[in-house]
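Let me begin by presenting the structure, written as structure tokens, before commenting on it.
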Amino acid sequence: SDFKGILSAGDIDIVGVSLRNIDDTNIYTKNSFIDWYRQVIETVRNTSTAKVIIGGPGFSIFPDILFNILKPDFGIKGEGEESFLKLIGCIDKNEDYKRIEGLVYKTSSGRIKINPRTTWLNSLELAFDKDLVDYYWSKSGMLNIQTKRGCPYNCIYCSYPVIEGRKVRTLDTGLIVNTLKDLYFEKGITYVFFTDSVFNISNEYNIKLAEEIIKSGVKVSWGAYFSPHNLTYEELSLFKRAGLTHIEFGTESFSDMQLENYGKHFTFDDILKVSMISSDLGIFFAHFLILGGYGETDRSLNQTFENSKKIPLSVFFPYIGMRIYPDTELYNLAIAEGRISITDTLLEPTYYISKHVNLDTIK
């Protein structure tokens, strides 16, 4: 009702709808969020004359299918800051928008066109709406900041390279630190999460960022997603002095055989080493695990369970099965094995489970 009130009371020309997730990524419930997004857009259509523009990670994975289902005026695939601004300008001035990178639109013949992306953002202004800061801080106890984009790794199931590209772009450390200073000194924010797909991709940059945070006098605690490799005691110690309090490791398995199957670039020895360093430094950490994914066997599962006992003071988040997304290596493997068809949209949650494991045993 608040949303309807804002739409009907305001002179609103454009409504942006960001699709973060397509579903709950839980093999046991398989709740899709598409109907909810449809309701939001139908509310806009029924309450205002505003143009609807959709984007976000979820949309970027399924741009043509979701455009057909949700029927917006426009969509933006991939990073949207610059493209969205250009599109608004074209709409305001009634100018040609057809060359905007990442733009998804319907041609005069009714065909859906997805413009390719050839350039990527290398700098972002980081400005938080002060009212939204209060809302998110009171509701969640954290705010989110991105320090880099793009992922060069080759995990077989991951959609991040599809969403952000493979080229790593580090964002301006000065802008990030100034934002942290504003949040801390003006708003009393004491916790943020760095939302990079993998924080420790560019540690030379990360060291510079950490040193600048320390010099700034900001006492903000933070967490991030890390890969359990490319980390030394000295680096983690520096990150802790800069405020790092917890790490979420995208580990996925404690079996070397399975890590290789998943396209990982580290071993269990790496995982154990960085876990011990984190424990020694008093940094809380969790390991996310995918059980029963591509190549999993009872033997590799047993290795994961046995090796988990060697890691002290950790939280484990085990998930069963791999959600299959388009344009990933897992998608190609699943088609080659006849698990899915090339005509499957995969919009409804579809999971890969190894035929060599017993789900009852995992449970």
Side-chain angles (χ1 to χ4, degrees), residues 3 6-22 33-34 37-129 132 146 148-151 159-172 175 325-327 345-347:
F3 185 40
I6 291 169
L7 288 169
S8 58
D11 183 16
I12 295 173
D13 299 317
I14 293 171
V15 173
V17 183
S18 182
L19 283 59
R20 172 61 175 84
N21 285 42
I22 296 302
F33 301 154
I34 304 303
Y37 292 131
R38 185 189 283 113
Q39 290 173 38
V40 171
I41 291 172
E42 285 177 354
T43 300
V44 177
R45 297 297 196 203
N46 295 334
T47 318
S48 79
T49 59
K51 292 191 180 300
V52 176
I53 304 173
I54 64 176
F59 175 74
S60 298
I61 299 171
F62 302 96
D64 49 349
I65 301 165
L66 286 173
F67 196 98
N68 262 328
I69 291 172
L70 299 176
K71 297 179 172 51
D73 294 286
F74 300 97
I76 295 175
K77 177 183 178 183
E79 57 186 20
E81 292 89 351
E82 195 167 49
S83 298
F84 188 49
L85 185 62
K86 287 180 178 178
L87 178 58
I88 292 171
C90 288
I91 292 171
D92 281 347
K93 299 171 186 175
N94 197 28
E95 294 177 348
D96 183 19
Y97 49 76
K98 294 183 179 65
R99 294 183 180 276
I100 296 173
E101 294 202 359
L103 184 67
V104 185
Y105 64 97
K106 190 166 281 190
T107 65
S108 56
S109 63
R111 185 172 63 92
I112 293 174
K113 178 83 187 301
I114 303 174
N115 287 350
R117 185 172 294 282
T118 59
T119 59
W120 306 89
L121 292 176
N122 285 308
S123 183
L124 285 174
E125 290 292 334
L126 294 167
F128 284 92
D129 181 289
L132 287 179
Q146 196 171 36
K148 62 186 72 69
R149 282 182 181 169
C151 185
S159 57
Y160 267 111
V162 177
I163 297 165
E164 295 188 350
R166 292 190 173 276
K167 181 184 177 183
V168 178
R169 293 94 67 199
T170 52
L171 305 181
D172 190 305
L175 290 174
Y325 290 110
D327 300 317
T345 67
L346 302 179
L347 204 59

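Index from 1, following the sequence. Because only heavy atoms are used, hydrogens play no part in the values below, and waters and symmetry mates are left out as well, while side chains stay in.
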In this structure, CD of E82 is separated from CH2 of W120 (nearest 0.5 Å) by 12.5 Å
Hey, what do you get for CZ (R45) to NZ (K51), rounding to the nearest 0.5 Å?
8.0 Å
Identified side-chain contact (heavy atoms from CB on, under 4.5 Å) counterpart of V15 within the set I6, L7, I53:
L7
Check whether any side-chain heavy atom of V104 sits under 4.5 Å from a side-chain heavy atom of K113, and report yes or no.
no
Heavy-atom side-chain contact between D13 and D11 under 4.5 Å:
yes
Roughly how far, to the nearest 0.5 Å, is OH of Y325 from CD1 of I61?
5.5 Å
Residue pairs meeting ring-ring contact (aromatic ring centres under 6.0 Å, His included), one or both in residues 69-111, sequence neighbours left out, come to F74-Y97, Y97-Y105
Can you confirm whether L66 sits close enough to I34 that some side-chain heavy atom of one is under 4.5 Å from a side-chain heavy atom of the other?
yes
Under 3.5 Å donor-acceptor, S60 side chain and K77 backbone:
no
Which value, rounded to the nearest 0.5 Å, describes the distance between C151 atom SG and R166 atom CZ?
7.5 Å
Intermediate values then yes/no, side-chain contact (heavy atoms from CB on, under 4.5 Å), L171 and K148:
CA-CA 5 Å; L171 305 181; K148 62 186 72 69; 5.6 Å; no
With sequence neighbours excluded, residues passing salt bridge (charged side-chain N to carboxylate O under 4.0 Å, His left out) with D129:
none
I need the single residue from I65, V17, I54 that forms a side-chain contact (heavy atoms from CB on, under 4.5 Å) with F59. Which is it?
I54
Heavy-atom donor-acceptor pair, N115 side chain to K98 backbone, under 3.5 Å
yes
Closest heavy-atom pair and its distance - L121, E81
CD1-OE1, 3.4 Å
Run through T47, N46, V40 and flag the one making a side-chain contact (heavy atoms from CB on, under 4.5 Å) with T43.
T47
May I ask you to decide if E101's main-chain N or O and S83's side chain share a donor-acceptor pair within less than 3.5 Å?
yes
Checking side-chain contact (heavy atoms from CB on, under 4.5 Å) for the pair I100/I76: CA distance, chi angles, key distance, verdict?
CA-CA 9 Å; I100 296 173; I76 295 175; over 6 Å; no
Verify side-chain contact (heavy atoms from CB on, under 4.5 Å) between V44 and F3, making sure each step is shown before the conclusion.
CA-CA 9 Å; V44 177; F3 185 40; 3.7 Å; yes
Is it true that E79 and R169 make a salt bridge, defined as a side-chain N closer than 4.0 Å to a carboxylate O?
yes
Any S48 side-chain heavy atom under 4.5 Å of I12 side chain:
no
Nearest 0.5 angstrom please: F67 CZ to I114 CD1, how far?
9.5 Å
Work out which heavy atom in S18 is nearest to a heavy atom in G56; give both atom names and the distance.
OG-CA, 3.7 Å
With a 4.5 Å heavy-atom cut-off, do K106 and K71 have their side chains touching?
no
Provide the closest heavy-atom pair for P57 versus I163 in the form atom of the first, atom of the second, distance.
CB-CD1, 3.8 Å
Residues pairing under salt bridge (charged side-chain N to carboxylate O under 4.0 Å, His left out) where one sits in residues 56-67, two or more places apart or in two chains, turn out to be none
Enter the distance from N68:CG to T345:OG1 here, rounded to the nearest 0.5 Å.
11.0 Å
Under a 4.5 Å cut-off applied to non-hydrogen side-chain atoms, are I22 and L347 in contact?
yes
Pair K86-E95, side-chain contact (heavy atoms from CB on, under 4.5 Å): steps then yes or no:
CA-CA 10 Å; K86 287 180 178 178; E95 294 177 348; over 6 Å; no
Check: F33 and N21 side chains under 4.5 Å, non-hydrogen atoms:
yes
